[in-house]
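Heads up, the thing below is written out as structure tokens.
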Amino acid sequence: MKIAYRDIFINLNLLRFYNPQDDLILFLHGFSGNSNDWKRITNLIDGKYNLAAIDLIGHGETSSPADLSYYNIDFISEIIKAGIKYFRKNKIILCGYSMGGRAALNFSIHNPNLVEALILESSTAGILNESERQMRVQKDNELAQFILNHPVSEFVDYWMNLDLFDSQTKLDKITLDEIRNAKLKNNPVGLANSLIGFGTGAMPVLFSELKDLNKKTLLITGSSDTKFSEINKLMSELLPFSQHVSIEGTGHNTHLENPNKFCEVLNSFLMKL
């Protein structure tokens, strides 16, 4: 379903039958993904929760405006808030993967009254080192220009073959083809602007604010994803009410690579809320 917000359309994806009496888990996808990415796990999640997902700006069926101001964290937070208001929920559980996790973390820090709990998969609170952050901004801007100047298929092939996603090569061909075909449907302007406006280098650095986030938080990473495992270990030490779970034998996208274990961990967390 699409809702109008200001002068764009936001795509909301209801992932299973909606019961207005139940609490809502709102899912946020990663870069170059979309809200349908979560459909593979919906039948494994505790049935007492409503499940919905948003196509973030520049992705899926949400608008991909040329104006870069739509891609900063403030406007992304407005999109998340619009999704919450649509379902008339005062508080929700936010679950974000990678880029979606960065958006969910920022939203939760600045809108604590709207978030009951937080689930972050393979995400980060930013890049602490200034020179590393500037290098990342430069790399993201270069990749954005590549996306704009080449067929989307070339970007998708490049992206899916990054070392970060090596562990996904064990997935079956049907699944990999589905992922690739979904990414091919993205708008290149939306993808490029997302990197420029809300790449990891461009996002606010949130480490110093983690100590003030008084929400139960679940951090999930894959054991093969050593970079994000270390980042999330640090984040868990700073967050006052958090637990960090590593899923053995998986990489960056744990809910794709081992949906059963991912949902086992998620359901255990939900039972304690």
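Heavy atoms only: backbone and side chains are in, while hydrogens, waters and symmetry mates are out.
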Item to complete: State, without any angle test, whether Gln138 and Gln134 hold a side-chain donor-acceptor pair at a distance under 3.5 Å.
Response: no
Practice prompt. For Asn34 and Asn186, test the side chains for any donor-to-acceptor distance below 3.5 angstrom and give the result as yes or no.
Written response: no
Whether the side chain of [X] engages the backbone of [Y] through a donor-acceptor N/O pair (distance < 3.5 Å, no angle test) should be reported.
X: Lys216; Y: Leu273; value: no
X: Ser122; Y: Asn253; value: no
X: Asp67; Y: Tyr70; value: no
X: Asn129; Y: Ser131; value: yes
X: Thr62; Y: Ile57; value: no

Does the side chain of [X] reach to within under 4.5 Å of the side chain of [Y], using non-hydrogen atoms?
X: Gln145; Y: Asn141; result: no
X: Asp23; Y: Glu116; result: no
X: Leu128; Y: Val205; result: yes
X: Phe75; Y: Ile8; result: yes
X: Thr221; Y: Thr254; result: no
X: Phe107; Y: Val115; result: yes
X: His252; Y: Ser98; result: yes

Worksheet item: Rounded to the nearest 0.5 Å, how far does CD1 of Ile220 lie from OG of Ser123?
Response: 12.0 Å
Fill in: Interatomic distance, Phe198 atom CZ to Asn193 atom CG [nearest 0.5 angstrom]
14.5 Å
Fill in: Ser153/Arg180 under side chain to side chain contact (heavy atoms under 4.5 Å, CB included): CA gap, chis, key distance, verdict
CA-CA 9 Å; Ser153 59; Arg180 184 176 188 277; 3.9 Å; yes
Please work out whether the ring planes of [X] and [Y] are parallel, tilted or perpendicular, with thresholds of 30° and 60°.
X: Trp38; Y: Tyr97; answer: perpendicular
X: Trp159; Y: Phe165; answer: tilted
X: Phe155; Y: Tyr158; answer: tilted

Worksheet item: When you look at Glu257 and Lys170, which way does the side chain to side chain contact (heavy atoms under 4.5 Å, CB included) test go after all the steps?
Response: CA-CA 9 Å; Glu257 296 174 42; Lys170 64 187 177 184; 4.0 Å; yes
Fill in: Joint hydrophobic cluster, Ile196 plus Phe31, side-chain heavy atoms closer than 4.5 Å
no
Fill in: Check against side chain to side chain contact (heavy atoms under 4.5 Å, CB included), His110 and Ser77
CA-CA 9 Å; His110 295 103; Ser77 293; over 6 Å; no
